[in-house]
Amino acid sequence: MATNFQANPPITTFIGGLPRRLISDGLLTEDQARDAQNKAAKSGSHFVSVVVESKMVSAARLAEIASIEFGTPLLDLNAITVDAAIAREVNEKLMRKHHVLPVYKRDRKLFVALSDPTRLQSLDEVKFATGYLVEGILVEEDKLVKAIETAITAVQATALSGGDEDLENLEIEGGETDPGADAGTNDGTDDAPIIRYVNKVLIDAINRGASDIHFEPYEKKYRVRYRIDGELREIATPPVQMGGRLAARLKVMSRLDLAERRVPQDGRIKLKLSANKAIDFRVSTCPTLWGEKVVMRILDASSAMLGIDALGYEPEQKELYLKALAKPQGMILVTGPTGSGKTVSLYTGLNILNDDGTNISTAEDPCEINLPGINQVNVNVKQGLTFAAALKAFLRQDPDVIMVGEVRDLETAEIAIKAAQTGHLVLSTLHTNDAPQTLTRLLNMGVPAYNVASCITLIIAQRLARKLCKFCRKPDVIPREELLKEGFTPAQVDAPGFTIYRATGCDQCNSGYKGRTGIYQVMPVTDAISRVIMEGGNAIDIADQAAREGVKTLRQSALKKVLDGVIDLTEANRVTVD
């Protein structure tokens, strides 16, 4: 709804382009225009989008003024049908980022709809990405929003009926002999588009560095999302009627029961990309109100082969981990929430220990990464193969190193500690917030204090934070008082050259971030900490002693990564608390 103000008010500071015209016409105040510009800059949106969404000016009125101001023809998007073949000329990421839509192509010229004719940079990027000469056409903002979503859906839908023929013949282990035979109809040719589409989604997820893929059915929509750098992103919305066939295809590939749609199922897929490259997918189905949701975890064994230097440990933290791994006995615990990288830390340690002279056994639920030379056991509670049962079996198998996926109960903890006391190196995980709380968690389980004090050698608490893109990060300006409140010391803030960075965004990254790094608290259980445990100290007492010994908290480690320009303060605040 438009708001009217006195015509032609004086503009006290410089504002150019469309905002200036809106102020001159009395449709916005100077403060409103500046607030909209600031909001657009902070959110990564556009000025026109902010003005229309905030209902400061109607989309139709805004487009009319922009057309008069810049002499640009105004097109009614409702009067045309955008061809999916034309829309495909600009990828979805560019369409959403720059809020543009290709609507017509003639020879080597591409006509692109946009709601703000001043955004010449958007047209330049489209020109660079497509190789066409690009000309902008002005349209109304609200109609453009709907048209972009419609066009993207149309492009994704056409992918179901065509695409790279070789994707149909990818080598897949874990499926049926005829992978397309039961994935919908009895005619295998009818399912070829589904096979191609699913394979394309899997390969695209691998290429984009996704860790998980979500296939999600709803009443009027079906969507596919990737988790990239820890954040879920919608990447496709195939027709909702295809949901059942997509779920069926995934279940066939992972050898699940097609007829069973009422209970969750778990399976696995191995996708062979080449003679020397294969990717495993852990598959989980869950019945929902509108069909089966399928989530796939991408398990790349190469992630465990990166080496400890690639995980983000500080030099002193790395040395503590390597020193603990070199000991013939004791227990190393890795703690943190789900998705914090505990498995990769453990597998990296196992890979360091993995040689012909070492017998390594692991009990996991389930095994995520296959490592040659390591005896891996999948826990199966229904069949009585619990963590505790697997541990008892390991102790009769002449082990040197044992890895337990998680210490969940007192029985498992007691057997693991017994193994650590009798000349074995034990690695495992717990779900606690930091290293000191891990020790008190074991005590609360019922493990005697003397066992905790004598057997635990090292605790690693960790989080995963998104790394700043090195191509587009920019220096951030934050008041000194705020920096001190965040946890920086006066010496750090006042040091010459003190600079921290923020995310911006470019074509090389995901909204200013590219990849992830670990944030760690590495706490050895020293004699002094053992005494605190034996004397009945709580997590606060243990944390105080660790601090006196120079152990960094998770927060301090995160701020060190901020100082090094690896992450920004926003990400440090997201994964840690002061």
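Values below: every heavy atom of this structure, side chains too, minus hydrogens, waters and symmetry copies.
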Open item on the list: With no hydrogens and no angle check, just 3.5 Å: does a side-chain donor-acceptor pair link N91 and R96?
Closed with: no

Task: Main-chain N/O of G497 paired to T499 side chain as donor or acceptor, under 3.5 Å - done: yes

Open item on the list: Can you tell whether the side chains of E30 and R34 come within less than 4.0 Å, N to carboxylate O?
Closed with: yes

Task: Sequence neighbours excluded, every pair satisfying ring pair (Phe, Tyr, Trp, His ring centres under 6.0 Å) that has a member inside residues 212-253 - done: none

Open item on the list: Could you check whether atom NZ of K93 has more than 12 heavy atoms from other residues, nucleotides or ligands sitting under 6.0 Å from it?
Closed with: yes

Open item on the list: Is it the case that the side chain of R227 and the backbone of G230 share a donor-acceptor pair, with hydrogens and angles ignored and the cut-off at 3.5 Å?
Closed with: yes

Task: V294/V283 under side chain to side chain contact (heavy atoms under 4.5 Å, CB included): CA gap, chis, key distance, verdict - done: CA-CA 7 Å; V294 183; V283 183; 3.8 Å; yes

Open item on the list: Under a plain distance cut-off of 3.5 Å, with no hydrogens placed, do Y132 and K105 share a side-chain donor-acceptor pair?
Closed with: yes

Task: Pair R473-D568, salt bridge (Lys or Arg N to Asp or Glu O under 4.0 Å): steps then yes or no - done: CA-CA 9 Å; R473 66 177 189 177; D568 60 8; over 6 Å; no

Open item on the list: For K146, is there an ion pair with E140 - N to carboxylate O distance below 4.0 angstrom?
Closed with: no

Open item on the list: Counting C-beta onward and ignoring hydrogens, is there a side-chain heavy-atom pair between R208 and I203 closer than 4.5 Å?
Closed with: no

Task: Salt-bridge present (D35, K39; N to O < 4.0 Å) - done: no

Task: Check: T570 main-chain N/O paired with R502 side-chain donor or acceptor under 3.5 Å - done: no

Open item on the list: Check the orientation of F498 and F488. Use parallel for under 30°, tilted for 30 to 60°, and perpendicular for over 60°.
Closed with: perpendicular

Task: Salt bridge present between D309 and K318 (N-O < 4.0 angstrom) - done: yes

Task: Ion pair check, R466 and E231, cut-off under 4.0 Å - done: yes

Open item on the list: Between D280 and K270, does any NZ, NE, NH1 or NH2 come within less than 4.0 Å of an OD or OE carboxylate oxygen?
Closed with: yes

TODO: Please determine if D212 and R225 form a salt bridge, counting it only when a charged side-chain N lies under 4.0 Å from a carboxylate O.
DONE: no

Open item on the list: Show, in sequence, the C-alpha distance, side-chain angles and deciding distance for L27 and I65, and conclude whether the side chain to side chain contact (heavy atoms under 4.5 Å, CB included) test is met.
Closed with: CA-CA 10 Å; L27 294 171; I65 291 173; 3.0 Å; yes

- [ ] Return the minimal non-hydrogen interatomic distance between S557 and I519, and the atom names on each side.
- [x] CB-CG2, 3.9 Å

Task: From OG1 (T130) to CG (L94), nearest 0.5 Å - done: 9.0 Å

Open item on the list: Has E135 got a side-chain atom pairing as donor or acceptor with L110's backbone, closer than 3.5 angstrom?
Closed with: no

Task: Polar side-chain atom of K561 near backbone of A465 as donor-acceptor pair, under 3.5 Å - done: no

- [ ] Could you tell me whether E216 and K221 have a side-chain N and a carboxylate O separated by less than 4.0 Å?
- [x] no

Open item on the list: Between Y520 and R463 (side chain of the first, backbone of the second, donor and acceptor by atom type, cut-off under 3.5 Å), is there such a pair?
Closed with: no

